Structure formats: C-alpha cells, structure tokens
Peer 1: 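The following block contains the structure, expressed as structure tokens.
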Amino acid sequence: MDTIFLDADRRIGGPYTLGAALLTHLVPPALERRPDLVAAHDIEIRTAAPGLRDLVPARRRSLADDLPRGQRVLVPGARRSLRIANGLAEFVRDHLAGSSPLTMTVANLGEADHTDTELVTVLRRRVEPGLLTIEEGPSAPGAGPLRADFDRYRDEGFHHAMAEAGLEALRGLAYEDDPERWQHLLQRVAASLEAIEREDEARELYDRARRVSTDPKHRATIAYGTAMILVRHHDHARRDPEQALAWINEAVTITSLLSDARERAFHLGFDLNGKALVEVRRGRHGAAMELVRQAVELAETDLPDEHPIHRLVLYGNRAQLLAMAGRREAALADYDRAIALDPGYPDYYLDRGNLLHELGREEEALADYEAVTRLSPPFPEAYYNRSEVRYARGDLAGARADLDHTLELDPEFAPAYVNRCGLHVAAGDYARAREDVERGLVLTPGDPHLLCVLGQVELAENHYPESRIAFDLALEADPELLPAWAGRAELAFERGDHEAALADLSRALKLEETAELLFNRSLVHRAAGLVSQARQDLLRAAELAPDDADVTRALHET
C-alpha cells in the first residue's frame with residue numbers, strides 16, 4: 001500500500017489545493033496505464049489541477065473555451081463543484097482498482113477550501129476504504145491571505161474562494177484608488193456571495209456601491225443584481241417580486257439609454273431577460289415572453305457575430321416560457337437553437353429531454369439525458385430524469401438503478417428519495433421505504449409526497465392512527481395531492497368507514513378521473529350496499545379502460 005502526505009491549506013493553491021496534489025501523484029502513472037481513464041475525466045482533472053493541463057488535453061469542449069472572457073456570460077453555479085468532486089472520485093476509484101491501495105494523510109484539513117472539503121466527503125463516500133484511506137494529519141496553517149486568482153475563481157465557479165479573497169481585496173481597495181477595478185471586483189464578489197446563499201452580504205455590497213458609484217453601466221448591473229436577489233433568494237419567504245420589479249426597471253432604464261448599439265443590445269437584452277424572470281415570479285408569463293422576444297430581437301439584430309452564449313441563454317429561456325404556455329413544438333425549436341450554438345454545453349440537453357419526455361418521445365429524451373452524461377462530469381439530474389423515463393416505460397429495475405446512482409452522487413437530492421420510496425412501496429419493501437421517507441423529510445420537512453408515502457407505509461404495517469396523521473399532513477400541505485386522497489380513502493375503507501372512503505375517493509376523482517379510482521369507489525359502493533352507484537362507476541371505468549380485466553369481471557358480477 002502506498003502512503004502520501006498532502007497539505008490541504010487553501011492558502012497554498014486556493015481551491016483544490018488537496019485535489020491538485022492528489023492528482024499530481026495519480027495522473028502521470030494513470031496516463032501510462034489507462035490513458036482512456038484520464039481522457040474520460042479531462043474536465044475534472046483540468047479544473048482541479050491547472051498545472052496538469054499540458055498533460056491532459058481538453059477532450060470535451062464548450063463554446064466558451066474559445067471566447068473572450070467578456071463573452072462568457074454563463075458562470076458555473078455552486079453545485080458544479082459537487083459534479084467535479086464526483087468525477088474525481090470515480091477517477092481515483094477506477095485508477096486505484098487497477099493499481100494499488102493508497103493511504104493519504106492530510107494536514108490542515110480544517111483550513112481547506114470548500115472544494116477540497118467537499119472532495120474529501122465524496123471520496124470517503126464513494127471510494128472503498130480498501131482502496132483509499134484518508135487520515136487527518138496535523139494542523140499548522142501558514143500565514144497570509146488566499147491568493148487573488150479572480151479569473152480562475154469566476155470561470156470555474158469557485159464561489160467560496162471568490163467571496164473570501166474578494167472581500168479581503170475590497171477591504172484594502174478604495175473606490176477612489178481604481179474605480180473600474182473596484183466596481184468589477186465588487187460585482188464578481190456579490191454574485192458569488194449570492195451563489196452560496198449569503199445574499200445579505202451581497203446586498204450590503206450593492207448598497208455600498210450605490211453610495212459611491214455614478215457609472216451608468218455599473219449602477220445598472222448592481223440594480224440587476226439586487227433584483228435577482230429579491231426573486232431568487234434561497235429563503236422563499238424573503239423573495240419580493242414587486243420590489244425586484246422596481247430594481248430591474250432601474251437597470252432597464254439605464255441600459256436602454258446606452259448610445260452604442262451593440263453595447264445597448266447586450267446590456268439591455270441581459271436586463272430584459274432578468275425582468276422576464278421577475279414577471280414569471282409575478283405570474284405574468286405573457287409579459288415575460290414579450291420581454292424575452294425583445295431581448296432575442298436585439299441580439300439577432302445588433303449582435304449577429306458576437307455574444308453567442310448570450311443568444312443561447314435567451315433561446316433557452318424562451319423555450320422554457322413557450323413550454324409553460326403549452327407551445328411545446330416551438331419550445332423544442334428554441335432548445336434546438338440553443339444546443340446548435342453550443343453542442344458541448346450540457347444543461348439544455350437536460351431541459352430538452354424533459355420536454356421530449358412530456359411529449360412521449362422517450363427514445364429522444366433518453367438520448368438527451370445520455371448526452372448530458374457524456375458531456376459533463378457526473379450530473380445527478382440526468383440520472384434522476386432518466387429514471388422517470390424508465391419508470392414510465394415499465395423498467396422499474398432501471399429506474400431504481402438510476403435513483404440509486406442519483407443519491408450516490410448527491411445524498412441531498414430530495415426528489416430522488418420521493419421517487420425511490422414509492423418504488424419500495426410498490427415492491428412491498430416497507431422498511432426501505434420508511435428509511436427513504438425519513439431521510440427525505442430531514443432534507444425537506446413537511447414534503448407532501450414524502451408524507452403521503454409515509455401514510456402508505458404506516459397503512460401497510462397496520463399503524464392506522466399514524467397513517468391518518470401522515471395523510472392529513474400531506475393534504476394540509478397539498479390539498480390537490482391525489483395519491484393522499486386515495487390513500488386516506490383506502491385507510492377509511494379498511495377501518496369500515498365507508499362514508500369517509502367515498503368522500504375521499506370522490507375528492508380524488510374531481511382532481512383526475514381514472515379507471516383505477518372509479519373501480520376502487522365501486523368496491524366501496526358495493527360494500528356500503530349501493531349497488532346501482534357501484535355499477536355506474538364500473539361502466540364509466542370500462543369506458544376509460546375497456547381492456548381492464550378487473551373492471552370487466554366486476555361488471556359481470558354486479
């Protein structure tokens with residue numbers, strides 16, 4: 001077994017100080033034995049260890065790789081580092097499985113950047129201890145601030161590092177010293193603070209900028225940033241679309257007055273797109289559509305040969321609005337435009353796949369989800385969405401495998417617990433269903449779908465009072481949750497309360513008329529001696545599902 005000693009202190013190399021040191025040890029021998037393995041993880045290795053870029057060519061490329069930094073308007077979100085960590089863990093696992101186990105003693109783990117802390121967590125979760133042992137070494141952090149590599153932090157979405165180093169730099173830099181640099185840095189730092197859910201600090205920076213800066217473009221940018229905080233705040237209770245509208249209107253007012261046509265097209269288009277999100281939050285989808293239309297027109301008229309990423313974002317956003325309006329074919333056309341502009345960018349494949357799934361074009365949806373897995377480091381959403389397609393096709397084993405992998409990649413992906421515990425219930429595995437419900441409720445307390453499954457589990461185990469409480473809580477959270485009405489009806493029927501069962505099934509049928517619900521209500525009608533009503537339900541069920549053997553047999557018996 002090999003043993004290496006590494007230092008995780010972020011002041012040494014910033015984000016992925018530990019990750020880069022580990023890769024420097026593993027990549028050269030991997031290139032000799034498994035160059036295909038290195039190539040398969042080119043994005044992750046090049047992101048974490050820039051010093052290895054000469055050894056590891058970029059195999060998966062995006063449009064942004066060849067554009068000037070000013071045109072790279074898509075900054076990676078905070079979740080990207082989890083995808084990078086999972087890709088690195090898979091590289092480490094597969095490399096060590098073909099060589100020899102490794103013990104890694106890590107000094108100053110408490111001083112690591114967020115990226116390395118996350119990487120260690122993922123390595124411990126996904127690489128067997130027999131292959132990799134991580135031991136904590138001594139802590140003796142070095143003096144001095146985190147290096148100010150702001151371009152790297154911005155390009156790679158290293159938001160924690162941008163916040164730490166940027167706030168430190170702003171403490172030593174006055175607006176009067178270098179207004180342009182100060183404004184540019186403040187915008188970057190505030191955006192990173194918002195990305196890591198430190199919105200109050202971002203708002204303080206924007207307010208500080210408003211007190212000293214009179215530069216029109218800068219004031220428009222910070223007005224836009226303030227509006228986005230107000231509509232995207234991680235605490236939904238603190239969102240305020242009306243106040244956001246006031247701020248985004250200030251941004252639009254300023255950028256609409258810019259004299260240069262190309263500069264105006266870009267900045268005004270950006271702000272109109274932001275205002276569209278505000279209007280969506282206000283429930284005004286038609287107004288949002290018109291704003292995006294204006295932004296697209298500006299880009300196509302005045303920016304035909306530059307800012308392609310700006311255009312693909314606009315096409316993607318228009319596609320979302322078109323899909324909301326039920327114009328699915330037009331939405332698909334816009335997703336096609338966005339993907340054609342940058343076939344190496346994975347996110348719009350995911351969105352297009354979801355829309356194709358809704359349209360019943362399952363093979364095409366699967367192809368898009370699989371494109372995401374090829375183009376990107378491990379992307380939990382792609383596996384989660386693929387599981388839904390597999391479930392719809394009756395491939396329960398495949399759906400379960402995808403949900404398992406989703407939660408292996410991200411144990412905090414709450415919707416996956418909802419779907420997986422439903423599969424457990426369907427398979428009669430109530431113990432595992434309960435485990436998933438409990439894990440999910442830790443992440444999303446009060447989630448009606450999880451509470452509904454909990455009610456089903458309690459009912460299956462004959463815990464009637466607990467089952468009723470769970471169903472009641474689910475319906476309190478979501479009065480239109482059909483499975484909860486159906487489940488509570490089943491509970492009432494088992495306890496002999498036919499009147500309550502009929503009331504709940506009738507409520508469920510108002511939400512959606514299905515043959516299954518009608519068949520179940522016919523059973524309750526029969527048990528209550530209401531033979532005529534039972535037959536009426538069966539006749540209607542037969543119209544909806546003429547080939548249903550249970551319905552046909554029940555009709556002959558009634």
Side-chain angles (χ1 to χ4, degrees), residues 388 391-392 396 414-542 544-545 548 550-551 554 558:
E388 296 199 322
Y391 178 80
L396 302 188
Y417 288 111
V418 176
N419 288 5
R420 193 171 71 174
C421 67
L423 288 176
H424 288 321
V425 168
D429 192 341
Y430 300 112
R432 288 188 177 179
R434 185 184 293 277
E435 288 176 4
D436 276 354
V437 166
E438 290 172 352
R439 291 172 186 160
L441 287 173
V442 169
L443 298 170
T444 54
D447 181 277
H449 298 279
L450 289 168
L451 289 167
C452 179
V453 175
L454 179 60
Q456 294 168 342
V457 171
E458 301 288 14
L459 175 59
E461 296 179 346
N462 299 321
H463 301 154
Y464 295 137
E466 293 84 355
S467 177
R468 177 61 190 244
I469 291 170
F471 284 133
D472 286 350
L473 288 172
L475 290 169
E476 183 179 329
D478 183 359
E480 296 190 354
L481 186 59
L482 189 151
W485 289 110
R488 200 172 75 168
E490 183 181 355
L491 169 62
F493 182 64
E494 287 198 13
R495 302 188 73 181
D497 189 344
H498 299 150
E499 183 178 354
L502 288 172
D504 284 349
L505 283 168
S506 296
R507 180 64 183 268
L509 281 161
K510 286 182 180 179
L511 295 172
E512 183 181 358
E513 190 181 38
T514 69
E516 181 181 3
L517 287 172
L518 287 162
F519 178 80
N520 289 344
R521 193 171 69 173
S522 76
L523 294 178
V524 182
H525 275 138
R526 247 179 114 175
L530 303 172
V531 178
S532 175
Q533 290 92 326
R535 183 167 179 79
Q536 290 301 314
D537 278 347
L538 289 171
L539 288 170
R540 177 57 182 154
L544 296 175
D548 190 301
D550 291 334
V551 172
T558 302

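These figures come from a predicted structure and were not determined experimentally. The residues of the chain are indexed from 1 along the displayed sequence.
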Peer 1: Find out whether E513 and R540 are in side-chain contact, i.e. whether some heavy atom of one side chain is under 4.5 Å from a heavy atom of the other.
Peer 2: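 In short, these two side chains touch, coming nearer than 4.5 Å.
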Peer 1: Quick check: do L396 and Y391 have side-chain heavy atoms less than 4.5 Å from each other?
Peer 2: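 In contact.
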Peer 1: Quick check: closest heavy atoms across F519 and A554, and the distance to 0.1 Å?
Peer 2: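 Result for this residue pair: CE1-CB, 3.9 Å.
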Peer 1: Should we count CD of E388 as having more than 12 external heavy atoms under 6.0 Å?
Peer 2: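 Enclosed.
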Peer 1: Measuring only between side-chain heavy atoms, which start at C-beta, is E458 closer than 4.5 Å to F471?
Peer 2: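 Answer no - side chains too far apart.
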Peer 1: Identify the heavy atoms of D537 and L518 that sit nearest to each other, and give their distance.
Peer 2: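 Looking at all heavy atoms of both residues, the closest pair is CB-O, 3.5 Å.
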Peer 1: Could you grab the distance from atom CG of D550 to atom CD of E516, nearest 0.5 Å is fine?
Peer 2: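 Nearest 0.5 Å value for the CG-CD distance: 10.0 Å.
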Peer 1: Please step through side chain to side chain contact (heavy atoms under 4.5 Å, CB included) for the pair L530 and L502, ending with a clear verdict.
Peer 2: CA-CA 11 Å; L530 303 172; L502 288 172; 4.2 Å; yes
Peer 1: Any non-hydrogen side-chain atom of Q456 less than 4.5 Å from a side-chain atom of C452?
Peer 2: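 Yes, close enough: below the 4.5 Å cut-off.
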Peer 1: For R432, does the CZ atom sit with more than 12 other heavy atoms under 6.0 Å from it, leaving out its own atoms?
Peer 2: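 No, CZ of R432 has 12 or fewer neighbouring heavy atoms, counting only those of other groups under 6.0 Å.
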Peer 1: First locate atom CZ of R521, then atom CG of L538, and finally report the distance between them rounded to the nearest 0.5 Å.
Peer 2: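 Rounded to the nearest 0.5 Å, the CZ-CG separation comes out at 10.5 Å.
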Peer 1: CG/N462 to CG/L491 distance, rounded to the nearest 0.5 angstrom?
Peer 2: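 The CG atom of L491 is 10.5 Å from CG of N462, to the nearest 0.5 Å.
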Peer 1: Determine yes or no for a side-chain-to-main-chain donor-acceptor pair under 3.5 angstrom, with W485 supplying the side chain and E480 the backbone.
Peer 2: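 Flag not set: sc W485 to bb E480 has no pair under 3.5 Å.
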Peer 1: For the backbone of H463 and the side chain of S467, can you confirm whether one donor and one acceptor N or O come within less than 3.5 Å of each other?
Peer 2: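 Answer holds: no.
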Peer 1: CZ/R439 to CG/L450 distance, rounded to the nearest 0.5 angstrom?
Peer 2: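 Atom-to-atom, R439:CZ and L450:CG are 12.5 Å apart.
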Peer 1: Closest approach of V457 and Y430, non-hydrogen atoms and distance?
Peer 2: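 V457 and Y430 have their closest heavy atoms at CG1-O, 3.9 Å.
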Peer 1: Return the minimal non-hydrogen interatomic distance between L441 and G446, and the atom names on each side.
Peer 2: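 Residues L441 and G446, closest heavy atoms: CD2-N, 4.0 Å.
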Peer 1: Distance check, rounded to the nearest 0.5 Å: R495 atom CZ versus D497 atom CG?
Peer 2: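 Between R495 CZ and D497 CG, I get 8.5 Å after rounding to 0.5 Å.
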Peer 1: Do L517 and L505 touch side chain to side chain, with heavy atoms closer than 4.5 Å?
Peer 2: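 Yes, at least one pair of side-chain atoms sits under 4.5 Å.
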Peer 1: Crowded around E476 CD? As in, over 12 foreign heavy atoms under 6.0 Å?
Peer 2: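 It does not: E476 CD has 12 such atoms or fewer within range.
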Peer 1: So, do R526 and L523 sit near enough that their side-chain heavy atoms are less than 4.5 Å apart?
Peer 2: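 Side-chain contact under 4.5 Å: no.
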Peer 1: Could you tell me whether F493 and H498 have their ring centroids closer than 6.0 angstrom?
Peer 2: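 Aromatic pair counts; centres sit under 6.0 Å.
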Peer 1: Check step by step if side chain to side chain contact (heavy atoms under 4.5 Å, CB included) holds for R488 and D472.
Peer 2: CA-CA 8 Å; R488 200 172 75 168; D472 286 350; 2.8 Å; yes
Peer 1: Is it true that D504 and R507 make a salt bridge, defined as a side-chain N closer than 4.0 Å to a carboxylate O?
Peer 2: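 Result for this pair is no, no salt bridge flagged.
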Peer 1: Compare every heavy atom of A501 with every heavy atom of V524, then report the nearest pair and how far apart it is.
Peer 2: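 Smallest heavy-atom distance, with atoms named: CG1-CB, 4.0 Å.
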Peer 1: List the atom of D436, the atom of C421, and the distance in Å for their closest heavy-atom pair.
Peer 2: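 Where D436 meets C421 most closely, the heavy atoms are CB-CB, 3.6 Å.
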Peer 1: State, with a plain yes or no, whether a side-chain heavy atom of R434 is found less than 4.5 Å away from one of E461.
Peer 2: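 In short, these two side chains touch, coming nearer than 4.5 Å.
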